[in-house]
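Contents: one structure, followed by commentary.
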Amino acid sequence: MEEKKWRSYPFVVNGLTTPIQYNEETVQGLFVPFLRRMTRLHESLGRRVIVFMAALPGVGKSTLATMFELLSRDEEGIAPVQALGLDGFHHHADYLQSHYFQREGERLPLAAIKGSPETFDLAHLRDKLAPLQKQDIKWPVYDRSIHDVIEEAEQVDKPLIIFEGNWLLLREQGWQDLRPFADYTLFITASPADLRERLIARKVLGGKTRAEAEAFYESSDKLNAERVLRESAPADETWQMLRDGDYRLQEAGAD
């Protein structure tokens, strides 16, 4: 088997330039053709195109959406891309602390399951998506330094939007009503076994001990990943993240 040729791309994360590696063959054989197809869709419709990129937690969807932005600047034949995230539609921190849910007979604040579908403001999201195909609007952003949402933080003005989030294809009340706002849908899956270590390692890098990270995985990340896999509607196109962090197109009907 031919050895993969990994290339580092400069990403700005929290104000610091961080190199992110992608397989160059995947960039040119999967990412770029996908973006050119979305560009042709934009040209044929004569308006902004909105792509829902739904994914399991831990597959690098936010970084991948930013990579698409970079490629739209560097590659010919791709319309300018803007990456937007679902995280800006979390309920605000005070709401999550003052509203509750029941788990196994125990009453807990929504903050305890932050990131689950129940912690997002769907009405606010619908209000933002409704005009997005035809209008430039302001978009909310989740600020990890304050662990809360900043409203009207980002101007949306590019012709090709990659909107990423775990729950965008969820077949549940409220979430399924979002599908008509998408011109195209992409789902990114992965082996749960491969995701486990990635998600635990991410929490360790964030300052948790190994034991704390494993406990968080069992109580939160694992449940969310299983729910995304079980409850997401089929997408127009599915990619799979491999164990080494590379991606491939998953053929229809493949596991």
Q.
Centroid separation under 6.0 Å, is that true for the rings of Phe120 and His90?
A. yes
**Q.** Pairwise distance CG(Leu129) to CG(Leu122) - rounded to 0.5 angstrom
**A.** 10.0 Å
Q: Spell out, as yes or no, whether a donor-acceptor pair under 3.5 Å connects the side chain of Thr209 to the backbone of Glu212.
A: yes
Q.
Ring-plane angle category for Phe68 and Trp239, please: parallel below 30°, perpendicular beyond 60°, tilted otherwise.
A. perpendicular
Q. Can you list the steps and then say if Ile78 with Val32 is a side chain to side chain contact (heavy atoms under 4.5 Å, CB included)?
A. CA-CA 8 Å; Ile78 298 175; Val32 170; 4.2 Å; yes
Q | side chain to side chain contact (heavy atoms under 4.5 Å, CB included) between Lys158 and Glu69, intermediate numbers included | A | CA-CA 10 Å; Lys158 299 297 188 293; Glu69 284 188 343; over 6 Å; no
Q: Spell out, yes or no, whether Leu242 and Tyr22 are grouped together once hydrophobic residues are joined by side-chain heavy atoms under 4.5 Å, including indirect joins.
A: no
Q. Looking at NZ of Lys5 and CD of Gln21, how far apart are the two atoms once the value is rounded to the nearest 0.5 Å?
A. 15.0 Å
Q: State yes or no: do Val149 and Val141 share one hydrophobic cluster built from I, L, V, M, F, W and Y residues joined by side-chain heavy-atom distances below 4.5 Å, directly or via other members?
A: no
Q.
A side-chain contact here means heavy atoms from C-beta on lying under 4.5 Å apart; do Ile50 and Leu132 qualify?
A. yes
Q: Answer yes or no: is there a donor N or O on one side and an acceptor on the other, between the side chain of Ser72 and the main chain of Val81, under 3.5 Å?
A: yes
Q: To the nearest 0.5 Å, tell me how far Ile162 CD1 sits from Leu84 CG.
A: 9.5 Å
**Q.** Spacing of Leu70 atom CG and Leu64 atom CG [to the nearest 0.5 Å]
**A.** 11.5 Å
Q.
Is there a side-chain contact between Val27 and Tyr9 in this structure, where contact means two heavy atoms from C-beta onward sitting under 4.5 Å apart?
A. yes
Q: Assess whether atom CD of Gln173 is packed by more than 12 heavy atoms of other residues, nucleotides or ligands within 6.0 Å.
A: no
Q: Say whether Leu195 and Met53 are linked into one hydrophobic cluster, either directly or through other cluster members, by side-chain heavy-atom distances under 4.5 angstrom.
A: yes
Q.
Using the rule given for side chain to side chain contact (heavy atoms under 4.5 Å, CB included), can you reason through Gln28 versus Glu24, listing the C-alpha separation, both sets of side-chain angles and the distance that settles it, and then say yes or no?
A. CA-CA 6 Å; Gln28 296 302 322; Glu24 188 62 17; 3.4 Å; yes
Q: Check Leu229 against Pro192 and note the closest heavy-atom contact, atom names and distance.
A: CD1-CG, 4.1 Å
(Q) We want to know whether Glu237 and Gln250 form a side-chain donor-acceptor pair, criterion being a heavy-atom distance below 3.5 angstrom. (A) no
**Q.** The single option from Glu152, Lys128, Glu154 passing side-chain contact (heavy atoms from CB on, under 4.5 Å) against Pro140
**A.** Lys128
Q | Contact summary for Asp148 and Ala93, nearest pair of heavy atoms | A | OD1-N, 3.1 Å
**Q.** Cationic N near anionic O, under 4.0 Å, Arg227 to Glu172
**A.** yes
Q: State, to 0.1 Å, how close Pro159 and Ala79 come at their nearest heavy-atom pair, and which atoms those are.
A: CG-CB, 4.0 Å
Q: Answer whether the closest heavy-atom distance between the side chains of Thr189 and Thr238 falls below 4.5 Å.
A: yes
Q) Can the ring centres of Trp167 and Phe52 be said to be less than 6.0 Å apart? A) no
Q: Could you check if a side-chain atom of Val51 sits within less than 4.5 angstrom of a side-chain atom of Thr185, using non-hydrogen atoms only?
A: no
Q | Verdict with supporting geometry, Gln82 and Val156, side chain to side chain contact (heavy atoms under 4.5 Å, CB included) | A | CA-CA 7 Å; Gln82 189 165 2; Val156 182; 3.8 Å; yes
Q) Within a strict 4.5 Å, meaning less than it, do heavy atoms of the Lys114 and Leu96 side chains meet? A) yes
Q.
Check Glu43 with Arg36, please: is the shortest side-chain N to carboxylate O separation under 4.0 Å?
A. no
Q: Decide salt bridge (charged side-chain N to carboxylate O under 4.0 Å, His left out) for Arg243 and Glu197; before the verdict, give the C-alpha distance in whole Å, the side-chain angles of both, and the deciding distance to 0.1 Å.
A: CA-CA 10 Å; Arg243 180 170 297 179; Glu197 187 54 39; over 6 Å; no
(Q) Do Leu41 and Phe31 sit in one hydrophobic cluster, given that two such residues count as connected whenever their side-chain heavy atoms are within less than 4.5 Å of each other, even indirectly? (A) yes
(Q) Would you say that Thr39 contacts Leu160 through its side chain, given a criterion of any heavy-atom pair below 4.5 Å between the two side chains? (A) yes
Q.
Could you measure the distance from the CD atom of Glu25 to the NZ atom of Lys4? Nearest 0.5 Å is fine.
A. 8.5 Å
Q | Shortest non-hydrogen contact between Leu86 and Phe163, atoms and distance | A | N-CE1, 3.5 Å
Q. Which distance, rounded to the nearest 0.5 Å, do you find between the CG of Asp157 and the CZ of Arg48?
A. 7.0 Å
Q: Determine whether Leu45 and Leu35 fall in the same hydrophobic cluster, where Ile, Leu, Val, Met, Phe, Trp and Tyr are linked whenever their side-chain heavy atoms lie under 4.5 Å apart.
A: yes
Q.
Show the nearest heavy-atom pair for residues Val228 and Ala55, with the distance to one decimal.
A. CG1-O, 3.9 Å
Q: Could you tell me whether the side chain of Leu170 reaches within less than 4.5 Å of the side chain of Gln176, counting heavy atoms only?
A: no
Q. Side chains of Arg198 and Met241: closer than 4.5 Å at any heavy-atom pair?
A. yes
Q: Of all the heavy-atom pairs spanning Leu110 and Glu118, show the shortest one and how long it is.
A: CD1-O, 4.2 Å
